[in-house]
Amino acid sequence: MRIAGQRIKRTRLVHTDRYIVAVDVELVVPDDDPSEPCYESETVQLLKDIEEQARQGNVAWLAKHGKVYEALTAT
């Protein structure tokens with residue numbers, strides 16, 4: 001469902017213990033309440049999916065949706 005309003009592109013970081021995924025998402029400033037931008041339900045679901053795939057270590061899937069950073073241990 002599309003929310004009526006101005007659309008703004010932003011990069012969001014999804015964090016897990018091992019990965020950080022930088023993903024470009026769209027926020028909406030609703031016409032009915034322009035006090036704060038919000039996510040549409042599809043965007044929220046995408047962010048949840050990205051977190052789940054990062055926890056599973058599915059780097060190939062993550063790379064299709066954003067820029068993937070992996071934590072390294074210091075030696």
Side-chain angles (χ1 to χ4, degrees):
M1 181 174 135
R2 302 283 288 179
I3 299 171
Q6 177 187 4
R7 303 199 176 276
I8 304 168
K9 298 257 185 200
R10 293 287 185 259
T11 300
R12 291 293 174 240
L13 301 177
V14 179
H15 302 259
T16 64
D17 291 341
R18 187 170 175 189
Y19 299 103
I20 296 176
V21 183
V23 59
D24 292 329
V25 296
E26 190 173 77
L27 288 99
V28 180
V29 179
D31 291 338
D32 295 339
D33 182 12
S35 63
E36 187 173 354
C38 63
Y39 295 118
E40 292 181 313
S41 60
E42 295 85 1
T43 303
V44 172
Q45 187 59 51
L46 174 63
L47 293 171
K48 287 180 179 180
D49 291 345
I50 289 171
E51 181 179 10
E52 180 62 29
Q53 294 297 322
R55 291 193 188 288
Q56 293 176 11
N58 191 347
V59 177
W61 188 91
L62 294 170
K64 293 179 183 176
H65 292 86
K67 190 177 283 189
V68 181
Y69 300 92
E70 183 175 5
L72 301 175
T73 56
T75 57

From [X] [atom1] over to [Y] [atom2], what is the distance, rounded to the nearest 0.5 angstrom?
X   : Y   : atom1 : atom2 : value
Q53 : T16 : CD    : OG1   : 11.5 Å
K64 : I50 : NZ    : CD1   : 13.0 Å
L27 : R12 : CG    : CZ    : 5.5 Å
H65 : D49 : NE2   : CG    : 8.0 Å
R18 : Q56 : CZ    : CD    : 13.0 Å
E42 : R2  : CD    : CZ    : 7.5 Å

Report yes or no: do V59 and V23 belong to one cluster of Ile/Leu/Val/Met/Phe/Trp/Tyr joined by side chain heavy-atom distances under 4.5 Å? yes
Find out if a path of hydrophobic residues (ILVMFWY) with successive side-chain heavy-atom gaps under 4.5 Å connects L47 to V21. yes
May I have the step-by-step check of side-chain contact (heavy atoms from CB on, under 4.5 Å) for D24 and K9, ending in yes or no? CA-CA 7 Å; D24 292 329; K9 298 257 185 200; 5.6 Å; no
Quick one: do R55 and E51 make a salt bridge, cutoff under 4.0 Å? yes
Taking CG in D17 as the centre, count heavy atoms belonging to other residues, nucleotides or ligands within less than 6.0 Å. Is the count above 12? no
Heavy atoms only: give me the nearest [X]-[Y] pair and the separation to one decimal.
X   : Y   : result
R7  : V28 : NH1-CG2, 2.7 Å
Y69 : A22 : CE1-CB, 4.2 Å
A54 : L62 : CA-CD1, 3.7 Å
E70 : Y19 : CG-CE2, 3.7 Å
I3  : P30 : CG2-CB, 4.1 Å

